[in-house]
Structure formats: structure tokens, C-alpha cells
Amino acid sequence: VPPLARLPLLFLGFVSLAFGAAGGLARLSALEVPASAIALHGPLMVSAFFGTVISLERAAALGRPWAYAAPLAAGLGGVCLLLGFSVEGFALMVLAASVFLVAGVVLVRRQPSLETATLLAGAAAWLAGNVLLLEGRPAAPWWMAFFALTIAGERLELSRYLKRPPWVRAGFAVLVALLVFSPAIPRALGLVLAVLAAWLLAFDLARVTIRRDRLPRYVAACLLAGYFWLAVGGLGLLLEASVDAALHAFFVGFVFSMVFGHAPVILPAVLRVRFPYHPVLYLPLAILHASLAVRALVSVPLGAWGNAAAIALFIAVALYLVTRFDPRQSARAASR
Amino acid sequence: MDEDDVKQVLLGIEDPEAGMSVLDLGLVYGIATEPGRVRVEMTMTSPACPAADYLVEEAAAAIRAAAPAGTEVEVRLIWDPPWTPERMSPEARTRFGWS
């Protein structure tokens, strides 16, 4: 699948992001959006937007055309939800996660390891969440396990560059096993997520790369700030504090912070575009984290608008950085 | 273009997450040069790495740009044997706490 053919799939995911975010805001303040976007804010953000983006990335890594059925189904599922075909949309999300799971099996067979097994467990958690969604039961804890396993699996991979005592890896394996089962008991999941945050804050490659400069440092800042919110979200679930604060600490503070850091690395790989580093990238990152603090401590609606503004600004900055170079300059850079 | 020239080029290809070159990170398994031809074998730390094809293309483009015109450049991605930390350069091993 040629890189530019991946763009429509990404765009499909962004439709769900736009309406899903607007639907979330409409829950808190007067905003004219389709009722489906308000009711299905969670499925649109998690399974339609992130599901599309993450399974697209996995398909690109796998290099098999059939794997693109996952982002296609997830993206179309989001459109179905927006058009009012909820059951069809949920069924497409089950299909997307099933294909994603098979892609995970192929990766494990390609290289059996704790890393690939963790990614596979993440795929299984996404499928479990989507099946529950189709049955009309709460899916959020399983989706949280999906993100935690997927992100942690990729971070474990990169942390192999670092020398760590064997128990560090063994401890991670135990956390993975706990993440697979704990979503059945949300408070237990909260505890596991908080411990995972401590593991990541202590052992992630970001602890070394934060002392570098430019892109590696920016990525590390995104990651470490995200791990802080992962801990907050986990403790929030454990202590049964505000659901809004716990869920958004996790999905916005942890997951979106990962996206902000990951995009400059992954977009060149998936779309073959230049994404040059620029310090302005710190601006949406700062707004994201500051507005989350506002959301948790001061005002939920104000914080939520700040969250949305940070995401919109990040997309604008990304588009600007990706497109600002003229083709001749890009060609020179490509043949550097 | 000899092996050292190719190494010089590969020092400019970085793993963006690690902030180090693919050569220092031990991701380059082999370099074979003969007149008019360069072949490189490299790996990634993970088969789930979506940047793999991209880094391979970047490496090939950079070698092509540095090589005499008409040089045939082939960069192949291989998964066997799997990458291990022992493959890193002394500098990388120092930075990441191995020595």
C-alpha cells in the first residue's frame, strides 16, 4: 500500500476525532452537534479515531494489504455511528479489532518476544472492549487496557537500548498479565495503571533522552508528562474519585500526550512526509497539560475547551511544519 | 565507495526516538561494497516498528546521494538474528548505561 493511499484512512479517523471531540464539548456547554456525537463521544474517540490511527500504524509496520482492513473498518465504523447506524458501527469496530488482533498474531510469529506479546494483549483488550460495546455493556476499562498495553509495549521495545536489571523486565511481564485481567475490576485496573506509570517513569528511555536536545528531548517531555497523568488516572480509578477527571487524565493526559510526541516520529514513516522539529511544538503540549490541571482542579468545561484547543493547535502546528517547506527543499532533504 | 564511506553516511541516519545513528545503535548488520555496488543489511529492534521501511529508504537514499553516479545501492531489512544490545557501539553503550 503506497504511503499516500494511507492518507484517506487517516482522514476518515479525523472525521471521528472532530465530531467526537465536539460531542464531548457539547456535553458540557451549548454546542450544536449531532446527537450521536454527544451520546457516542467515547466510542468515536477511542475505537473510531484512535482505532483507525493505531491500526493504520500497525498495518504499515506489517506491510500486508489485508491489515489495512482494520483502519478502514474502524474509520467507517465511526462514520456509521455519526450517521445514526450505531449497531452497524459497533459491529465494524469489532471487525476492526479482530483484524488488528490477527495482525498482532502475525507480529508475534515474526518475532516472539515480551514486546510483541504485549502488543497482542493490547489488541485483545481492544476487541474485548468493542464486543462489550456491541452488547451495550461498559467498555472503557478494556479500552484503557488497550492503550496501556499498546503504548507500554512500544516503550518496552525502545527501552531495550538501556541496561536494566532482569527484574525490571520481569516486573513489566507481571504488569502485562495484570492488565489483561484487571479491567473486570476497575479499581484493580486503577492500581495496575498507577504501578505501570511508576515503572515507565523509572525505566523508560525518555529518562535518558530528556537530557538530549531538539526532537528526542521534546518526545521525552511528552512521554514523561503523559506518565504523570497515567498515574493520576490510575489513582483516580483506584480511589473512585471523579470519573471525568480519571478518564480524561488517562485519555487526554496520557494518550494524547503520547500522540503529540509520537506524531513527528510516526508521520514521516506512515505518510513519507517531512515533519521537522520546531520548538513551537511545546506550545500545544503546554496547553494540553495546563488545561488538564484546570479540568481536574478548577472547572471541567473550561479545562475541556482547553484540551480541545490544545489538540486543534497541535494539528495546525503539525500541518504547518509538514507543509511549509517547498518541494525543492524537500527533494534536497530526501536525497541528503 | 568503500565500507568506511558507507559507515560515514549511516552515521547520519538517526533513530529519532533514541537520538543516535542506526550505526551506533548496532542496527547495521553488514556492509558489502564492490565497484559500482553497495549492499547493506540492517534490522530494527522490533518487527512492530512502523519506521522500519522509512529508515531503510532513508539509508538507501543517503548512500545513493554520496556514491558515484550509477552505483547500485541495496539496503535490506532482516530480522534474523534478532537485535541485541551487545551490537551497540562503545559510545551508545556508555550513553545507555551498559559500560
Side-chain angles (χ1 to χ4, degrees), chain A residues 3 56-63 103-104 106-113 115-116 118-120 150 153-164 205-209 211-217 219-220 223 261-262 264-272 275 277 332-336, chain B residues 8-22 24-27 43-67 69 71 73 77-99:
Chain A
L56 177 61
E57 179 181 333
R58 191 68 51 84
L62 204 63
V106 174
L107 281 179
V108 169
R109 289 170 60 112
R110 200 179 275 181
Q111 194 177 92
S113 66
E115 287 82 1
T116 50
T118 304
L119 296 176
L120 180 62
T150 301
E154 296 197 352
R155 294 314 301 173
L156 178 70
E157 194 56 63
L158 285 160
S159 297
R160 290 178 66 202
Y161 288 135
L162 298 169
K163 184 175 171 64
R164 300 294 189 208
L205 179 66
R207 285 288 297 273
V208 173
T209 51
R211 294 194 290 266
R212 307 285 298 163
D213 60 0
R214 298 176 59 81
L215 184 62
R217 167 175 260 173
V219 175
L223 292 165
H262 202 47
V265 176
I266 202 67
L267 280 181
V270 174
L271 296 179
R272 298 293 192 278
F275 194 136
Y277 168 77
R332 263 207 307 281
S335 61
R336 171 172 48 99
Chain B
Q8 274 306 315
V9 173
L10 292 175
L11 280 172
I13 305 294
E14 281 202 350
D15 175 335
E17 295 263 9
M20 277 203 124
S21 76
V22 291
D24 278 316
L25 291 168
L27 298 172
T43 193
M44 297 287 134
T45 55
S46 161
C49 176
D53 288 343
Y54 174 71
L55 285 174
V56 164
E57 283 176 23
E58 288 275 288
I63 295 168
R64 235 170 251 130
T71 304
V73 177
L77 193 61
I78 56 172
W79 299 107
D80 196 42
W83 178 88
T84 55
E86 294 76 48
R87 297 178 177 275
M88 291 193 286
S89 73
E91 194 200 342
R93 291 172 65 84
T94 303
R95 176 172 306 160
F96 296 128
W98 293 89
S99 53

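Naming convention: chains lettered A, B, ... in sequence-line order (proteins, then strands); numbering from 1 in each chain. When reading the values below, keep in mind they use all heavy atoms of this one structure, side chains included, and skip hydrogens, waters and symmetry mates.
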Spacing of A:Glu154 atom CD and B:Thr45 atom OG1 [to the nearest 0.5 Å]: 10.0 Å
Please assess B:Arg95 against A:Arg212 for the test side-chain contact (heavy atoms from CB on, under 4.5 Å), listing each intermediate value before the final yes or no. CA-CA 11 Å; B:Arg95 176 172 306 160; A:Arg212 307 285 298 163; 2.6 Å; yes
One should read off an interatomic distance between B:Asp80 CG and A:Gln111 CD, to the nearest 0.5 angstrom, of 9.5 Å
With only heavy atoms counted, which part of A:Glu115 is less than 4.5 Å from chain B, the side chain, the backbone, both or neither? neither
Counting heavy-atom pairs under 4.5 Å with chain A, the top scorer among B:Met44, B:Arg93, B:Glu17, B:Met88 is B:Glu17
Which atoms of A:Arg155 come close to chain B, meaning under 4.5 Å heavy atom to heavy atom: side chain ones, backbone ones, both, or neither? side chain
Relative to chain A, which segment of B:Pro16 carries a heavy atom at a distance below 4.5 Å: side chain, backbone, both, or neither? both
Structural part of A:Leu62 lying under 4.5 Å from a heavy atom of chain B: neither
Would you say B:Tyr54 and A:Arg272 make side-chain contact, with heavy atoms under 4.5 Å? yes
Which of B:Ala18, B:Pro85, B:Ala60 touches chain A most, by non-hydrogen pairs under 4.5 Å: B:Ala18
What part of B:Asp15 lies closer than 4.5 angstrom to a heavy atom of chain A: side chain, backbone, both or neither? side chain
Can you check whether A:Arg160 reaches B:Trp83 side chain to side chain, under 4.5 Å on heavy atoms? yes
Distance-minimising heavy-atom pair for B:Trp98 and A:Leu162: CZ2-O, 3.2 Å
Engaged part of B:Leu77 at the chain A interface, taking heavy atoms whose separation is under 4.5 Å: neither
Among the options A:Leu215, A:Leu205, A:Val219, pick out the one with the most heavy-atom pairs lying under 4.5 Å from chain B. A:Leu205
Contact class of B:Ala52 relative to chain A, heavy atoms under 4.5 angstrom: neither
Tell me the closest heavy-atom pair linking B:Ala51 and A:Ala269, and the distance in Å. CA-CB, 3.6 Å
